[in-house]
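See structure below.
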Amino acid sequence: MVKSPEQEHPEEALGWAAIDASGLLSPFKFSRRATGDKDVKFRVLFCGICHSDLHSVRNDWGFSAYPLVPGHEIVGEVVEVGSQVGKFNVGEKVGVGCLVGSCAFCDCCHDHLENYCPKAIWTYGAIYHDGTMTYGGYSNMMVVDEHFAIKFPQNMPLDAGAPLLCAGITVYSPIKFFGLDRPGDHLGVVGLGGLGHVAVKFAKAMGVKVTVISSSPGKRGEALQRLGADAFLVSSDTDQVQAAMGTMDGIIDTVSAVHPILPLIGLLKHNGKLVLVGAPNQPLELPIFPLLSGRKIVAGSCIGGIKETQEMIDFAAKHNITADIEVVPIDYLNTAMDRLAKGDVKYRFVIDIGNTLKEA
């Protein structure tokens, strides 16, 4: 007999879930597993709202499973640890990003790239080792294997630090892997949203020259004065684009909507790298000759492994890097999703779970 979400596990939990592809979220009772020997149980205090959450609740990618409790930018306070846990103590701050499991045996896992494990288990909307659905951080508590939990530095604010667990690692990982962190190199950042604004902060902390590439001229002041970018390029201005041709060592493209990438390839120097980290729900057109003529690379990158995520959060704490956020109560969630769909946020919504998610 199939058990209901409330009956699957012994720990009662409360969250907000989408029940169908309308994407409307509402209070949802379910359950979490008991704390195992290697598990950390924690009270959720804040959870960021990622663009992936919006895609998922509305089934934009075609593989959402309902009921769906989103949220993979999760921070909280440890309330219980298993008998074999050595990484955390009760009362410490903890974070969980996009992953809660993997096979632990494949080459990816051995290389600390659990994010590329063929059996990676996502924080929500996936099937866990025990055969039950995973539910994310729009909820009051979580239980997670300690390997997939991130230690939060003492000086990192929980609310503004939460989005780094997805947005932060999504841009940090490709900047590091593709060698775009060399001081003095020129990096383009396409899109000044939840991912883009964090990419600017990381790159500047690494000593890189940064040009923000945006379709919104009104973001110029924000990019240059407040975020410290070195230059701003309006992607629809052909004169500006032409003047910048062949000047960039790499580009991080954060845009999650369909858009032309030919102009971006043109901005690269020879051997330049265009790395896509956004996830449009339709294919992009890839012209080949501009790649051949400059030995250029178009690549993709998806979050990062657990070791690198810890490295990222420690780097962010050292350099005082946080996300720019708007903290909202849980009952504002559907309005926040609608605003996110319109791009009406600077630059990340974060839900105040600890103070506003209460039993009805």
> Does the salt bridge (Lys or Arg N to Asp or Glu O under 4.0 Å) test come out yes or no for R58 and D53, once each step is laid out?
Replying inline: CA-CA 9 Å; R58 297 182 179 182; D53 299 345; over 6 Å; no

> Taking it one step at a time, do R220 and Q225 satisfy side chain to side chain contact (heavy atoms under 4.5 Å, CB included)?
Replying inline: CA-CA 8 Å; R220 178 183 297 274; Q225 275 77 54; 5.9 Å; no

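- Linking Ile, Leu, Val, Met, Phe, Trp and Tyr whenever their side-chain heavy atoms come within less than 4.5 Å puts L268 and L292 in one cluster.
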>> The test is salt bridge (Lys or Arg N to Asp or Glu O under 4.0 Å); show your working for K204 and D230 and say whether it passes.
In response: CA-CA 9 Å; K204 290 305 299 178; D230 299 280; 2.9 Å; yes

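- Heavy atoms of other residues, nucleotides or ligands lying less than 6.0 angstrom from CD of Q240 number more than 12.
- Note that CG of L195 and OG1 of T254 are 5.5 Å apart. Values are rounded to the nearest 0.5 Å.
- With a 6.0 Å radius and a threshold of 12 heavy atoms from other residues, nucleotides or ligands, R226 has its CZ atom above the threshold.
- A salt bridge between D185 and K269 is absent, with no side-chain N of the basic residue lying under 4.0 Å from a carboxylate O of the acidic one.
- With a 6.0 Å radius and a threshold of 12 heavy atoms from other residues, nucleotides or ligands, F177 has its CZ atom at or below the threshold.
- The closest side-chain heavy-atom distance from F42 to T35 is not below 4.5 Å.
- A distance-only check finds a donor-acceptor pair linking the side chain of T134 to the backbone of W122 [under 3.5 Å].
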>> Go through it in stages, so that I can follow the logic: the residues are C117 and L113, the test is side chain to side chain contact (heavy atoms under 4.5 Å, CB included), and I'd like the CA-CA distance, side-chain angles, deciding distance and then a yes or no.
In response: CA-CA 7 Å; C117 171; L113 296 171; over 6 Å; no

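- Closest approach of Y66 to S56, counting heavy atoms only: OH-O, 3.6 Å.
- Here the CZ atom belonging to F152 is positioned 10.0 Å from the CG atom belonging to D314, to the nearest 0.5 angstrom.
- Proximity of D39 to E146: side-chain heavy atoms (C-beta onward) are nowhere separated by under 4.5 Å.
- Across all non-hydrogen atoms, the minimal contact from V241 to L267 is O-CD2, 3.7 Å.
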>> If you apply the rule salt bridge (Lys or Arg N to Asp or Glu O under 4.0 Å), what do you find for K307 with E114, and how did you get there?
In response: CA-CA 9 Å; K307 181 179 180 181; E114 300 91 343; over 6 Å; no

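- The structure places CZ of F30 at 11.0 Å from OG1 of T132, a figure rounded to the nearest 0.5 Å.
- In terms of modelled atom types and a separation under 3.5 Å, the side chain of T247 and the main chain of A244 share a donor-acceptor contact.
- The pair R33-E8 fails the salt-bridge criterion, with no side-chain N (NZ, NE, NH1 or NH2) lying under 4.0 Å from an Asp/Glu carboxylate O.
- Residue H147 holds its NE2 atom at 7.0 Å from SG of C109, rounded to the nearest 0.5 Å.
- Taking each heavy atom of S64 and N59 in turn, the nearest pair found is N-OD1, 2.9 Å.
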Show the atom names and distances, to 0.1 Å, of all donor-acceptor pairs under 3.5 Å that link a side chain in residues 153-160 to residues at least two apart or in another chain.
{"from": "N155", "atom 1": "ND2", "to": "A317", "atom 2": "O", "distance (Å)": "3.0"}

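- H55 and H51 have tilted rings, their planes meeting at an angle from 30° to 60° on a 0 to 90° scale.
- A 6.0 Å sphere centred on CD of E285 holds no more than 12 heavy atoms belonging to other residues, nucleotides or ligands.
- Closest approach of R339 and Y332 over heavy atoms only: NH1-OH, 2.9 Å.
- In terms of modelled atom types and a separation under 3.5 Å, the side chain of D352 and the main chain of P329 share no donor-acceptor contact.
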Hey, can you pull the donor-acceptor pairs under 3.5 Å for the side chains in residues 92-107, sequence neighbours left out?
{"from": "E92", "atom 1": "OE1", "to": "N89", "atom 2": "N", "distance (Å)": "2.9"}
{"from": "E92", "atom 1": "OE1", "to": "K151", "atom 2": "NZ", "distance (Å)": "3.4"}

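- Aromatic pair Y124/Y135: centroids not less than 6.0 angstrom apart.
- Note that CG of L284 is 5.5 Å distant from NE2 of H259, once rounded to the nearest 0.5 Å.
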>> With side-chain hydrogen bond (donor to acceptor under 3.5 Å, both in side chains) as the criterion, how do E311 and Y172 come out once you've worked through the C-alpha distance, each side chain's angles and the decisive distance to 0.1 Å?
In response: CA-CA 10 Å; E311 174 190 307; Y172 180 91; 2.6 Å; yes

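- Sparse packing is recorded around NZ of K38, with 12 or fewer heavy atoms of other residues, nucleotides or ligands lying under 6.0 Å away.
- Here the CD1-CG distance, from I49 to L333, works out to 5.0 Å after rounding to the nearest 0.5 Å.
- Ring orientation note: the planes of Y347 and H197 are close to parallel, at an angle under 30° on the 30°/60° scale.
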>> Between H72 and S52, is the side-chain hydrogen bond (donor to acceptor under 3.5 Å, both in side chains) condition met? List the steps.
In response: CA-CA 9 Å; H72 55 211; S52 297; 4.7 Å; no

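- W16 and F46 fall within the same hydrophobic cluster, where Ile, Leu, Val, Met, Phe, Trp and Tyr residues are linked whenever their side-chain heavy atoms come under 4.5 Å apart, directly or through other members.
- L45 is connected to I313 through a chain of hydrophobic side-chain contacts under 4.5 Å among Ile, Leu, Val, Met, Phe, Trp and Tyr, so both are in one cluster.
- Under the 4.5 Å side-chain heavy-atom criterion for Ile, Leu, Val, Met, Phe, Trp and Tyr, L165 and Y116 are members of distinct hydrophobic clusters.
- The hydrophobic cluster containing L24 does not contain L68, counting ILVMFWY residues as joined when their side-chain heavy atoms lie under 4.5 angstrom apart, directly or transitively.
- The heavy-atom pair separating L25 from Y138 by the smallest distance is CD2-CD2, 4.3 Å.
- Side chain of S214 to main chain of S216: a donor-acceptor pair is present (N/O by atom type, distance under 3.5 Å, no hydrogens or angles).
- K87 NZ: more than 12 foreign heavy atoms inside a 6.0 Å radius.
- What you find for G250 and L180 is that their closest heavy atoms are CA-CD2, 3.8 Å.
- Side chains of E6 and S31: a donor-acceptor N/O pair is absent below 3.5 angstrom, by distance only.
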